Amino acid sequence: MLDAKFIVEHAEAVKQNCRNRGVQADVDRFVQLEAQRRTKQAEWDELNRQANQVAKQIGQAKEAAQRETLKEQGRRLREAAADAKKTLDAIQEEMLQIQKQIPNMTHPDAPVGDASANRVCRHGKTPVRQFDFQPLDHVQLAERLDLLDLDAGARVAGHGFYYLKNEAVLLELALQRYAVEALQKEGFTLVITPDLARNEILEGIGFLPRGPETQIYSIENTDLSLVATAEITLGGMFADQILEAEQLPIRLAGISHCFRTEAGAHGRATRGIYRVHQFTKVEMFAFTLPDQSDPMLEQFCQLECRLFDGLGVPYRVIDTATGDLGGPAYRKYDLEAWMPGRGEWGEVTSTSNCTDYQARRLGIRYRVKGEKGTQFAHTLNGTAIAVSRAMIAILENYQQADGSVLIPEVLRPWVGKERIELKT
RNA sequence: GGAGAGGUGGCUGAGUGGUCGAAAGCGUCGGUUUGCUAAACCGAUGAGGGCGCUUUUAGCCCUCCGCAGGUUCGAAUCCUGUCCUCUCCGCCA
C-alpha cells in the first residue's frame with residue numbers, strides 16, 4: 001500500500017504510474033475522499049472532546065439534578081460522535097479499497113510498457129548448449145528414468161500434482177541443500193516456515209485469498225490459507241513489530257512448500273511439472289532500511305545468478321517492464337533458464353524490491369536511536385531455488401545422447417552419484 | 001480435545017468504573033560529577049492521526065491497555081465474541 005498522504009501529494013505521479021502499469025484505480029476519488037476524511041475526523045475529534053469534558057464535569061458535580069442534565073448532554077454528544085464515526089469509517093473503508101488497488105511506485109530505470117517491453121539485461125555464464133541429437137523434454141526424460149509419476153498425482157490429487165521418485169527425490173533434497181548452504185555462507189538466517197498463514201498476512205504481502213481469480217487455496221471454516229510462497233510467511237515474521245535500525249538489514253532464507261491454484265492457467269505451459277499446484281521453494285527475504293533496498297535487490301539478483309551459474313544452467317536476466325510488475329513490486333528481476341526440451345526460456349526465479357509497500361500493510365517498522373517516531377522498513381523477496389522448475393532446467397540441459405542425465409557437479413555430494421542412468 | 005490462568009508502554013510489572021496514556025523498576029538518551037570507565041544524582045523517554053506554527057521551538061485536541069463489539073454521561077477496569085500465550089490432563093509423529 002502507498003501512504004495516503006503520498007498519494008494526495010503526488011496524485012499526478014501516482015496516476016501516471018497506474019497508467020504505466022496498466023492498473024485502474026480512481027486516484028481522483030481518493031484525493032477527494034481524503035479531504036472529506038479530514039473534515040469528518042476533525043468533527044469526530046471535536047465531539048469527543050466535548051463529550052469528554054462533560055464526562056469530567058459529571059464526576060465533580062455535586063447535585064443530582066445537575067448530574068442528570070449533564071448526563072443527557074453527554075448522551076447526545078456521544079450519539080452525535082457515533083454518527084460522525086460511522087461516516088468516517090465509511091469514508092475510510094472506501095479509501096482503503098482504492099488504496100489497495102494502487103500499485104507501488106516504480107523504479108525510474110524499469111522499462112515502461114507491457115510484457116513485450118521486458119528487457120534482457122544479462123546472460124549467465126553457461127552458454128546455451130547445442131545438441132547433436134533431438135533433446136527430450138523433462139516429461140519424456142522423467143518417464144524413461146522413472147523420476148516422476150504424473151498419473152498417480154492426478155489420480156490422488158488431480159491434475160497439477162505429481163509424485164517425485166528415485167533420483168528426483170534426491171535431486172529435490174540436493175537443490176534445497178545447495179541453496180540453503182550457499183545462503184547460510186552469505187549470512188542469511190535459515191528458517192523453515194509454516195505452509196499456512198492467516199489471510200491477513202497474505203493480504204499484507206499482496207495476495208488475495210478470495211475471489212474468482214485467486215491463486216490461493218484457503219482452508220474452509222478458518223481464516224487460513226496455504227501459502228503460495230514463503231515470501232508470505234517470511235514477510236509476516238515481523239508483522240506489527242518495531243525493529244531497531246541497527247538490526248537491519250535482516251536477511252532470511254526460508255524453505256516452504258508453495259501451493260497455487262493456477263486458476264485460468266489451463267492450456268498454457270501445463271505439461272509436466274512446469275506449472276503445478278505444489279512445489280518446494282527456498283526463498284530469500286530481506287528487511288532493510290530505505291537506502292539499503294536498491295543494493296539489496298542487486299545482491300539478491302546476483303545470488304540467484306551465482307546459484308544458477310553454479311548449477312551450470314544457461315539463463316538470462318529480465319528487468320521486468322512496468323506493465324508486468326505485481327502490485328507490491330517497485331522493481332523486479334526474473335531469471336529465465338533455457339529449457340531445451342520446451343525450446344524456450346522459462347522463469348526459474350524472481351526477485352522484487354517492494355520498498356515499504358508491504359511493510360505499511362503489515363506494520364513492519366523500525367526505529368532509529370535518538371530519533372522520534374518510526375519508519376516503515378523496506379522488504380525484498382527473491383527465489384533462491386524453486387525446485388520443480390530448477391529440476392526441469394537440470395534434466396533438460398544435462399540430458400545425454402544415451403538417455404541418461406548427468407547430475408550437476410555441485411549437487412553430486414548430496415545426490416550421491418554423477419549420473420541418472422536408464423533403468424534396465 | 002478437556003480444565004484452569006493470563007494478554008498493559010522497548011522489557012518486567014501495578015492498576016476492578018471518573019482526576020489513567022497509565023505507578024514502580026529496568027533499559028535507552030541527555031546532563032552533573034569524573035584523569036578514563038563505573039557508580040551516584042538530576043532530567044527526558046510509547047504509537048497513530050488532526051489542528052496550529054511554519055525559520056525554528058513550543059502548544060492544543062482525538063484515538064490506541066491483544067482484536068472486534070456491547071453496557072455507561074464516563075471503561076485498561078464490567079459484559080459478549082474472537083485471536084494468542086502459559087500450566088495441567090488427554091491424544092499423537
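Proteins get letters first, then strands, A, B, ... in listed order; numbering begins at 1 in each. Computed from a prediction, not measured in an experiment: that's the story for all the values here.
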Just the rounded figure in Å: distance from P of B/C62 to CG of A/L47.
12 Å
OP1 or OP2 of B/C61 less than 4.0 angstrom from a side-chain nitrogen or oxygen of A/R49, does that happen here?
no
Under 4.0 angstrom between A/R365 side-chain N/O and B/A47 OP1 or OP2:
no
P atoms of B/C53 and B/G59, separation to the nearest Å
16 Å
Distance between C1' atoms of B/A22 and B/G15 (Å, rounded)
8 Å
Please pick, from B/U72, B/C62, B/G50, the nucleotide with the shortest atom-to-atom distance to any side-chain atom of A/E34.
B/G50
Going by purine N1 to pyrimidine N3 plus the second Watson-Crick contact, or the G-U wobble pair, all under 3.5 Å, which nucleotide sits opposite B/A75?
none
note: A/W44, atom CH2; B/C51, atom P; distance rounded to Å ~ 15 Å
cation_pi(A/R342, A/Y274) dist<6.0 Å, angle<=45:
yes
N or O in side chain of A/N48 less than 4.0 angstrom from B/U63 OP1/OP2
yes
Which value, in whole Å, describes the distance between the C1' atoms of nucleotides B/C67 and B/G30?
38 Å
Tell me which nucleotide, if any, is Watson-Crick or G-U wobble paired with B/A14 when both distances must be under 3.5 Å.
none
The side chain of A/T374 is closest to which nucleotide in this list: B/G18, B/A47, B/C62?
B/A47
If I take atom NZ in residue A/K56 and atom C1' in nucleotide B/C73, what distance separates them, rounded to the nearest angstrom?
14 Å
Any side-chain donor paired with an acceptor under 3.5 Å for A/Q97 and A/E93?
yes
Whole Å only: how far is the CE atom of A/M1 from the P atom of B/G48?
14 Å
What distance, rounded to whole Å, do you find between the two P atoms, one in B/G17 and one in B/A76?
13 Å
Counting distance only, does the side-chain N/O of A/E94 pair as donor-acceptor with the main-chain N or O of A/I91 below 3.5 Å?
no
Does A/N118 reach the main-chain N or O of A/A321 with its side chain, forming a donor-acceptor pair under 3.5 Å?
yes
Considering Watson-Crick and G-U wobble pairs with both distances under 3.5 Å, what does B/G1 pair with?
B/C89
Take A/R198 and A/Q41, find for each the nucleotide of RNA chain B with the closest heavy atom, and name the residue whose nucleotide sits nearer the 5' end.
A/Q41
With both distances kept under 3.5 Å, what pairs with B/G6, Watson-Crick or G-U wobble?
B/C84
side-chain N/O A/R37 vs B/G50 OP1/OP2, d < 4.0 Å:
yes
Below 30° counts as parallel, above 60° as perpendicular, anything between as tilted: where do the rings of A/F6 and A/H10 land?
parallel
By the 4.0 Å heavy-atom rule, please label A/R38 as base, sugar-phosphate, or nothing.
sugar-phosphate
Could you measure between the two P atoms, the one in B/C29 and the one in B/G46, and give it in whole Å?
16 Å
Using only heavy-atom distances, determine whether the side chains of A/R419 and A/S404 contain a donor-acceptor pair under 3.5 Å.
yes
Does B/U63 have its OP1 or OP2 closer than 4.0 Å to a side-chain nitrogen or oxygen of A/N52?
yes
Picking from B/G74, B/G50, B/U72, the nucleotide nearest the side-chain atoms of A/A55 would be B/G74
Classify the ring geometry between A/Y217 and A/F161 as parallel (under 30°), tilted (30 to 60°) or perpendicular (over 60°).
tilted
Residue met sooner reading RNA chain B from 5', once A/V54 and A/R367 are mapped to nucleotides:
A/R367
Check the distance between B/C11's P and A/E244's CD and give it to me in whole angstrom.
11 Å
With rounding to whole Å, what would you report as the distance between B/A5 and B/C64 at their P atoms?
28 Å
Roughly how many Å is it from CD in A/E79 to P in B/C73, rounded to a whole number?
10 Å
Taking the same atom, C1', in B/U33 and in B/A39, what whole-Å distance lies between them?
11 Å
Whole-angstrom distance between B/C60 and B/A44, as gauged at atom P
15 Å
Round to a whole Å and report the spacing from CD1 of A/I242 to P of B/G9.
11 Å
Could you state the atom-to-atom distance from CG of A/D240 to P of B/G10 in whole Å?
12 Å
Could you please name the partner base of B/G30, counting Watson-Crick and G-U wobble pairs only when both distances are under 3.5 Å?
B/C42
